[in-house]
2 protein chains.
Amino acid sequence: MGLTIVVERTTAHKAKPAIDQLSFGKYFTDHMFIMDYDAGKGWHHPRIVPYQPILLDPAAKVFHYGQTVFEGMKAYRTPKGQILMFRPYKNLQRLNRSNARLSIPSLDEGLVMEALRQLIKVDEDWIPAEQGTSLYIRPFVIATQATLGVSPSEQYHFIIILSPVGSYYEEGINPVSIYVESEYVRAVTGGVGNAKTGGNYAAGLKAQQEATDKGYSQVLWLDGVHRKYIEEVGSMNVFFKVGDKVITPALNGSILDGVTRDSVIRLLKHWDIEVEERAISIDELVEAYRSGLLQEAFGTGTAAVISPIGELNWQGDKLTLNEGRTGPVAAKLYDFMTGIQRGAIEDPFGWVVEIK
Amino acid sequence: MGLTIVVERTTAHKAKPAIDQLSFGKYFTDHMFIMDYDAGKGWHHPRIVPYQPILLDPAAKVFHYGQTVFEGMKAYRTPKGQILMFRPYKNLQRLNRSNARLSIPSLDEGLVMEALRQLIKVDEDWIPAEQGTSLYIRPFVIATQATLGVSPSEQYHFIIILSPVGSYYEEGINPVSIYVESEYVRAVTGGVGNAKTGGNYAAGLKAQQEATDKGYSQVLWLDGVHRKYIEEVGSMNVFFKVGDKVITPALNGSILDGVTRDSVIRLLKHWDIEVEERAISIDELVEAYRSGLLQEAFGTGTAAVISPIGELNWQGDKLTLNEGRTGPVAAKLYDFMTGIQRGAIEDPFGWVVEIK
Ligand SMILES: Cc1ncc(COP(=O)(O)O)c(C=O)c1O
Ligand SMILES: Cc1ncc(COP(=O)(O)O)c(C=O)c1O
């Protein structure tokens, strides 16, 4: 590791928002972590400083060529006052996989974990304790070199910011309506769909906006080659209960390898529920629906944890799932996941990491 | 239009780089243009200010979700001292097409043209006059709202920066070697390939880097669906001379609608050279090469204007074009295009716009 994190504490603490005002990613804590990269020098100068704007040359590559990666994770305050994180090392490994795909120099995972620990401790008063709330953690890398050639940057910032959050969906654990997208494509095999990089989200904005206008909360993406295989939802992986089985798209290179997805698969297997990871066509789903076998659908992701899907709109046909109510598998997963994340249920997997 | 551009001139002029030091996009002029957008208020406060770093909240959406667009154009100094631009309105129209695709509010093209004019005049001493040099112009939009939900930003900056440039390729008009990419994909139908947005370039960095390591200067992309149709090169459209015809990929939604591409097509037709815009498979090209019909290949783009291709590497097979030398069609196009751009040849198309 070798690098020491320098801490500069703020002298002007911000007012904390009321719990019912939290929403998602709107308020930020008093401090942030920042570290710099320069070619030849490597990552250096890790520091915790008061939360503050950053100063960048207008030619910084991040503004032009989208060379960015990010992560999303959470810290929870338990009823006993402990601070828990959920499988943080998986996020740090994915951060480095994203870095590799975007030609960004890799980060020392041990150092980043230590940065997370120290930053969370410095701002621990900001972690809300109410059911459904948490501290959302956003580590990200941006390319800062101020030259316009299209090539990997020789300079970067790695930054971590923290935001106390309520539920991601205003609806809470209530089922959402999802629009199956048939015009726009988010990512394709050979592209960057399995990396957590800004361009994937920019590519989804227009479809998301059109879906919102039609009254749907998210888009379900189909693959870009055959335009028929299920990929994922906005910022969630997706699962379907068909008969006695739960099925989810395999990691095919164009979807994100979600930490929640992996946890859900392991949890279902632990409960002796059969899970298949494979290609799933929209036609297969529609057929399962018509024959009464499609019982539940739900999204999985750090922000929403488990998000039951009450309706799928496929080319104007509305498939109502479990009568639009949260299904038993989604509910059981939600309760268990949020239970271990908040320290209310014992964690049989060693997923939870206490921040001391 | 209605908005007045406020001009604040610098009191500290920077030293100008020597002409032989220019390279591409490394030095910037004394001033920049900036304008803000806020939901409800629209675009406002257009201003020319000393070139300076910008201050952004670390939660600004541009750092996380890649909501950006940009343009690239040039101003040329003629031997008589005039300042010329090449088809700037086409770039401004494309900027707004990119904006629409990225859910960014559209810009008033008249106002942007006026901003360009005034900014270039303020920094006109920076426009180099030597053959092959020009003032590269980079208008761009970044999403600045400081909240982490994935949705179109409610705040933006539109910025224009200027950079005196030499030739894009250090090799100048000498032919480049190009690696035909068979693993990575840049864009796909239904995606954002026809918009000039950062994520497209981020998605290309790794392939570009691997090609550079193998000694190639750029990548030739194939389509993401069939993985066999020619798309474009890094930041150029691409043309092939096969027998008596010139062929170029049709605008299929996943490649950029290049201004140089459009100009070259019109110029070739003007010269009674047959041009076909259509799907072109790599197999067709290899076959044309084997039978001796593939005479020339070249890229087209604002930065390089015309860039002859001396070698194509397709899965290890090296196709040498026109014995690795600049072909007659590429040379004629280059001379004509740079001739009218620099005011040395009369412009029969009304493409050139004088900045007064
Ligand atoms: C595109 C995408 N898919 C899936 C997920 C779910 O991943 P995770 O469970 O690791 O949060 C996310 C959110 O991180 C995402 O952005
Ligand atoms: C991806 C891509 N294709 C093609 C081009 C060529 O377009 P133009 O001739 O308008 O510069 C560019 C550069 O602008 C580009 O970035």
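Order of the sequence lines fixes the chain letters, A, B, ..., with proteins taken first and strands second; residue numbering starts at 1 for each chain.
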Would you name the heavy atoms of A:L148 and B:F24 that are closest together and state the gap between them? O-CE2, 3.8 Å

If you count heavy-atom pairs within less than 4.5 Å of chain A, which of B:H157, B:H226, B:R227, B:E181 leads? B:R227

When the 4.5 angstrom heavy-atom criterion is applied to B:Q145 and chain A, the contacting part is neither

Highest number of heavy-atom pairs under 4.5 Å with chain A among B:G198, B:G199, B:G224, B:A100 belongs to B:G198

A:S151: what forms a side chain to side chain contact (heavy atoms under 4.5 Å, CB included) with it, not counting sequence neighbours? A:K61

Identify, with sequence neighbours excluded, every residue that meets side chain to side chain contact (heavy atoms under 4.5 Å, CB included) alongside A:V188. A:V225, B:V185, B:V188

Looking at A:Y65 versus B:F70, is the centre-to-centre ring distance below 6.0 Å? yes

Below 4.5 Å, heavy-atom pairs only: which of B:T147, B:D57, B:I54 has the largest tally toward chain A? B:I54

Looking only at heavy atoms, what is the nearest atom pair of A:V192 and B:A203, with distance? CG1-CA, 3.9 Å

Heavy-atom cut-off 4.5 Å, strictly under: side chain, backbone, both or neither for A:A207 against chain B? neither

Please classify the contact between B:I161 and chain A as side chain, backbone, both or neither, with a heavy-atom cut-off of under 4.5 Å. side chain

Who wins among B:Q208, B:R186, B:Q209, B:R101 for the most heavy-atom pairs under 4.5 Å with chain A? B:R101

Under 4.5 Å from any heavy atom of chain B - which part of A:Y184: both

Might you point out which heavy atoms bring B:A202 and A:G66 nearest each other, and give the distance in Å? CB-O, 3.2 Å

Which atom of B:F28 lies closest to which atom of A:A146, heavy atoms considered: CE1-O, 3.5 Å

Honestly, the part of A:T212 sitting under 4.5 Å from a heavy atom of chain B is neither

Determine the option with the most heavy-atom pairs under 4.5 angstrom with chain A, choosing from B:L55, B:I142, B:T197. B:L55

Below 4.5 Å from any heavy atom of chain B, which atoms of A:Y27 appear? Answer side chain, backbone, both or neither. neither

Minimum heavy-atom distance between A:P53 and B:P58, given as atom pair plus value: CA-CD, 4.0 Å

Among A:V141, A:T68, A:V62, which one satisfies side-chain contact (heavy atoms from CB on, under 4.5 Å) with B:F63? A:V62

Scored by heavy-atom pairs under 4.5 Å with chain B, the best of A:T189, A:D223, A:I159 is A:T189

Counting heavy-atom pairs under 4.5 Å with chain A, which one of B:A59, B:G191, B:A187 comes out on top? B:A59

Which answer fits B:Y51, side chain, backbone, both or neither, if we ask what part of it has an atom under 4.5 Å from a heavy atom of chain A? side chain

Rounded to the nearest 0.5 Å, what separates atom OH in A:Y201 from atom NE2 in B:H64? 12.5 Å

Is chain B contacted by the side chain of A:A195, its backbone, both, or neither, given a heavy-atom distance below 4.5 Å? neither

At a heavy-atom separation under 4.5 Å, does B:A60 approach chain A through its side chain, its backbone, both, or neither? neither

